[in-house]
Amino acid sequence: MDLGIRGRKAIVCASSKGLGRACAFALAREGVALTLNARGAAALEATAAEIRTATGVPITAVAADVTTPAGRAALLTACPDPDILVNNAGGPPRGDGRAFGRDEWVAALDANMLTPIELIKATIDGMIERHWGRVINITSITVKMPITELALSNGVRTGLTGFIAGLARQVVRHGVTINNLLPGSFETDRLREGMRGAATRAGRSFEDQRATAMADQVSGRFGDPDELGAACAFLCSAHAGFIAGQNLLIDGGHFPGTL
Ligand code: NAP
């Protein structure tokens with residue numbers, strides 16, 4: 001299926017690794033020109049080179065912290081008029097929400113709620129003027145199903161979800177859609193880091209912890225980031241203009257709800 005977005009321009013935040021990288025790759029395979037971003041320049045340049053070689057699309061790499069005003073300004077200077085914005089950033093620290101002080105809560109709000117809102121505010125009017133736009137926010141299964149050790153994620157991502165629910169309905173009449181992707185467990189550096197911590201706490205090997213965590217999934221496996229990337233590309237496609245304000249859970253059926 002041709003997704004009908006060849007020649008479009010996308011900013012993909014936090015995209016040198018993991019889910020952001022998979023979204024970038026999937027968009028590049030459809031001929032979308034990319035502005036990629038991460039803090040670490042080496043991994044970012046390596047990903048940019050790999051995607052360029054595989055797909056031939058133009059790529060600008062912006063090494064910056066997307067959670068800072070300067071980082072976001074650098075991204076917007078590199079791509080002032082994106083057709084597609086994929087919001088993503090590192091996840092907040094794991095732990096019991098009662099153990100975090102105000103500064104840690106504010107940092108999580110900044111990274112996982114206010115950063116996407118600031119980038120949307122900076123780009124959405126241009127999309128409306130051009131009568132076409134796609135915004136994807138990578139959030140989490142925690143929006144539907146709280147996970148005790150991800151208290152910060154449970155809280156701040158739900159704030160973003162509420163804001164998006166309203167805004168998506170304001171802009172869809174202008175050809176601009178905003179949707180959220182809610183990952184379950186995808187095997188990325190972040191998931192591996194969480195499993196390493198759990199293995200240490202439980203006094204078992206990483207391999208045992210990984211096998212247990214996989215067995216706990218109703219699918220019996222973790223997601224492949226490319227599976228999320230493909231969903232992202234479809235939601236950004238020409239065919240998805242009537243899908244707006246949705247929260248797409250990609251978790252191999254792990255969330256146990258009927259609806
Ligand atoms: P990952 O594999 O650790 O990759 C994170 C990427 O984001 C890296 O490219 C990293 O590069 C970049 N990044 C982190 N902080 C950044 C910042 N402040 N500014 C710019 N780039 C930044 O993580 P992931 O698993 O793909 O997770 C992506 C998001 O999805 C996170 O918010 C995570 O909590 C959420 N999520 C993941 C899962 C899962 O199962 N993997 C499930 C639910 C939700 P640098 O470190 O070099 O900046």
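Computation of the quantities below employed the complete heavy-atom set of this structure, encompassing side-chain atoms and omitting hydrogens, waters and symmetry-equivalent molecules. Just follow the structure's listing: the first ligand is 1, and inside any ligand the first atom is 1. Note that the numbering runs from 1 along the sequence shown for the chain.
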Measuring from each atom of ligand 1, which residues have a heavy atom under 4.0 Å away? A14, S16, K17, G18, L19, N37, A38, R39, G40, A64, D65, V66, T67, N88, A89, G90, G91, I138, T139, S140, R157, P183, G184, S185, F186, T188, D189, R190
Compare every heavy atom of C236 with every heavy atom of I136, then report the nearest pair and how far apart it is. CG1-SG, 3.6 Å
Does this structure show an ion pair linking E118 with K121, if we count only N-O contacts that are shorter than 4.0 Å? yes
Is any NZ, NE, NH1 or NH2 atom of the basic residue among E187 and R221 found under 4.0 Å from an Asp or Glu carboxylate oxygen of the other? no
Which atoms form the tightest heavy-atom contact between C13 and L85, and what is the distance? SG-CD1, 4.4 Å
Using a strict threshold of under 4.0 Å (side-chain N to carboxylate O), is an ion pair present between R134 and D83? no
Salt bridge or not between E193 and R94? Use side-chain N to carboxylate O under 4.0 Å. yes
